[in-house]
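Step one of this worksheet: look at the structure below.
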2 protein chains.
Amino acid sequence: MTPDHPDSDEIDLSAVLHALSDPQRRGIVAELAASEIPRPCGSFAPAITKSTRSHHFRVLREAGLVEQWMEGTSKMSRLRRDEVDARFPGLLDSVLRSVAVG
Amino acid sequence: MTPDHPDSDEIDLSAVLHALSDPQRRGIVAELAASEIPRPCGSFAPAITKSTRSHHFRVLREAGLVEQWMEGTSKMSRLRRDEVDARFPGLLDSVLRSVAVG
DNA sequence: CATAAAGTTCGATGATCGTCGTATCATGCG
DNA sequence: CGCATGATACGACGATCATCGAACTTTATG
């Protein structure tokens, strides 16, 4: 796997919770969870700048929440649901359910 | 309720996740969940300073995770498990289970 | 090759964070 | 009252954060 993607068993709880504590990033994760088909970064959070979005994706990737790979000129993103679930069972589900609530 | 304690329906997800993203605070919450009987603040996280501990408890209280009240010269703390569960079902459980993992 | 599109990188800026030490406040006890 | 105890308030410090704009890289396409 490309660099900056931690292995399943190296996903850090503090990093995950910190990554999810930002509403912008939580929105990206929620969208990613809802679509299930990989999408380019640019199709998320259109209200913010390219550089800010790039920063958010880096945080998500380094926390282990998202896998990314190049496809042409686009960088695709996928939610690492299974890996996160394997490390912290139920955490992602409860957070995603909470996003819908409040 | 004393000030700085948000109502159940006002508990903010970002605040909760941010509060739980700090290992020190996560340890306090885990201890609080394990004991179930209220304990004074001073009996937690003995490695850090009083003022730092006071800061952490304020973050936890303002996030809605902990309720505090005075008892003599001690300030007691209780995990607001039911209130947090009512707002974000399963979230606290999954985080506490994750604390045990890694 | 030239241009366009999609992201990254690099400061920079203002805000927030975790930690500390000291001073302060409230309560209990002699 | 005077003193001890438990906790908060107030700066202060370095670190990190979210955001931005401008410059750069990479890939595709004319």
Side-chain angles (χ1 to χ4, degrees), chain A residues 1-5 12-32 35 37-78, chain B residues 1-5 12-32 35 37-79 99:
Chain A
M1 194 178 293
T2 60
D4 287 345
H5 289 87
D12 179 55
L13 183 54
S14 292
V16 168
L17 293 176
H18 167 248
L20 292 173
S21 76
D22 183 90
Q24 215 73 256
R25 286 191 291 259
R26 219 159 46 226
I28 293 176
V29 169
E31 270 193 79
L32 227 29
S35 73
I37 40 174
R39 283 164 49 191
C41 295
S43 67
F44 295 91
I48 59 182
T49 314
K50 284 195 306 176
S51 52
T52 301
R53 186 167 35 229
S54 182
H55 161 69
H56 284 319
F57 270 101
R58 178 152 61 117
V59 173
L60 290 172
R61 175 175 11 103
E62 291 179 349
L65 286 165
V66 158
E67 181 191 346
Q68 296 188 285
W69 65 95
M70 289 302 291
E71 229 168 77
T73 86
S74 296
K75 181 169 261 184
M76 297 303 191
S77 296
R78 173 188 79 87
Chain B
M1 192 178 294
T2 59
D4 288 344
H5 288 87
D12 180 56
L13 184 54
S14 293
V16 168
L17 293 176
H18 167 248
L20 292 174
S21 77
D22 182 87
Q24 216 71 260
R25 287 191 290 260
R26 220 159 45 227
I28 293 177
V29 169
E31 271 193 76
L32 226 31
S35 72
I37 39 175
R39 284 163 50 190
C41 295
S43 69
F44 295 91
I48 60 181
T49 313
K50 283 198 304 178
S51 51
T52 300
R53 185 166 38 227
S54 183
H55 161 70
H56 284 318
F57 269 101
R58 180 152 61 116
V59 174
L60 291 172
R61 173 174 15 101
E62 290 179 350
L65 286 165
V66 157
E67 181 193 346
Q68 297 187 283
W69 65 94
M70 289 301 293
E71 230 168 77
T73 85
S74 295
K75 180 168 260 183
M76 297 303 191
S77 295
R78 172 187 81 85
L79 186 60
V99 170

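Letters A, B, ... are given to chains in the order of the sequence lines, protein chains preceding strands, and every chain is numbered from 1. Bear in mind that the values here come from a model prediction, so they are computed numbers and not experimental data.
At whole-Å resolution of the value, CD1 in I48(A) and P in dC20(D) are 7 Å apart. One interatomic measurement links the two molecules: NZ of K75(B) to C1' of dA9(D), which rounds to 12 Å at whole-angstrom precision. When rounded to the nearest whole Å, the span between CH2 of W69(B) and P of dG6(D) equals 18 Å. What separates CZ of R61(B) from P of dA7(D) is a distance of 12 Å, to the nearest Å. Rounded to a whole Å, the CD atom of E62(B) is 13 Å from the C1' atom of dT8(D). As a whole-Å value, the separation of F57(B) CZ from dA9(D) C1' is 18 Å.
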Cut-off 3.5 Å, no hydrogens considered: what does the side-chain donor-acceptor table look like for residues 51-58 of chain A, sequence neighbours left out?
unit_1, atom_1, unit_2, atom_2, d
R53(A), NH1, F44(A), O, 2.8
R53(A), NH1, A45(A), O, 3.0
H56(A), ND1, R25(A), NH1, 3.2

Which side-chain N or O atoms in residues 13-21 of chain A pair as donor and acceptor under 3.5 Å with protein atoms at least two apart or in another chain?
unit_1, atom_1, unit_2, atom_2, d
S14(A), OG, S21(B), O, 3.3
S14(A), OG, R26(B), NH1, 3.0
S14(A), OG, R26(B), NH2, 2.9
S21(A), OG, H18(A), O, 2.8

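Residues I48(A) and Q24(A) are in side-chain contact: their nearest non-hydrogen atoms beyond the backbone lie under 4.5 Å apart. Side chains of Q68(A) and H5(A) form a contact here, defined as non-hydrogen atoms less than 4.5 Å apart. Side-chain contact between S77(B) and C41(B) is present, with heavy atoms from C-beta onward closer than 4.5 Å.
Annotation: the span from L32(A) atom CG to S43(A) atom OG amounts to 8.5 Å, rounded to 0.5 Å. Taken to the nearest 0.5 Å, the CG atom of D22(B) stands 8.5 Å off from the CD1 atom of I28(B). Atom CG in D4(B) sits 12.5 Å away from atom CD in E67(B) (nearest 0.5 Å).
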List every contact pair, protein side and nucleotides 12-17 of chain D side both N or O, where the distance is under 3.5 Å.
none

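As judged by a 4.0 angstrom heavy-atom cut-off over every strand, T52(B) is placed among the base-contacting residues.
With a heavy-atom cut-off of 4.0 Å to chain B, the contacted part of DNA chain C has its first and last nucleotide at dC17(C) to dG28(C).
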Exercise. Would E71(B) and W69(B) count as a side-chain hydrogen bond (donor to acceptor under 3.5 Å, both in side chains) if you check the C-alpha gap in whole Å, the side-chain angles of each, and the deciding distance to 0.1 Å?
Worked result: CA-CA 7 Å; E71(B) 230 168 77; W69(B) 65 94; 2.8 Å; yes
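At dT19(D), one or more side-chain N or O atoms of Q24(A) fall inside 4.0 Å of OP1 or OP2 (strictly under the cut-off).
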Seminar exercise, completed: Going 5' to 3' through nucleotides 22-30 of chain D and flagging B where a protein heavy-atom sits under 4.0 Å of the base, S where only the sugar-phosphate is that close, and - otherwise, we get B----BS--
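Partners of E31(B) under the salt bridge (Lys or Arg N to Asp or Glu O under 4.0 Å) rule, at least two apart in sequence or in another chain, are R39(B).
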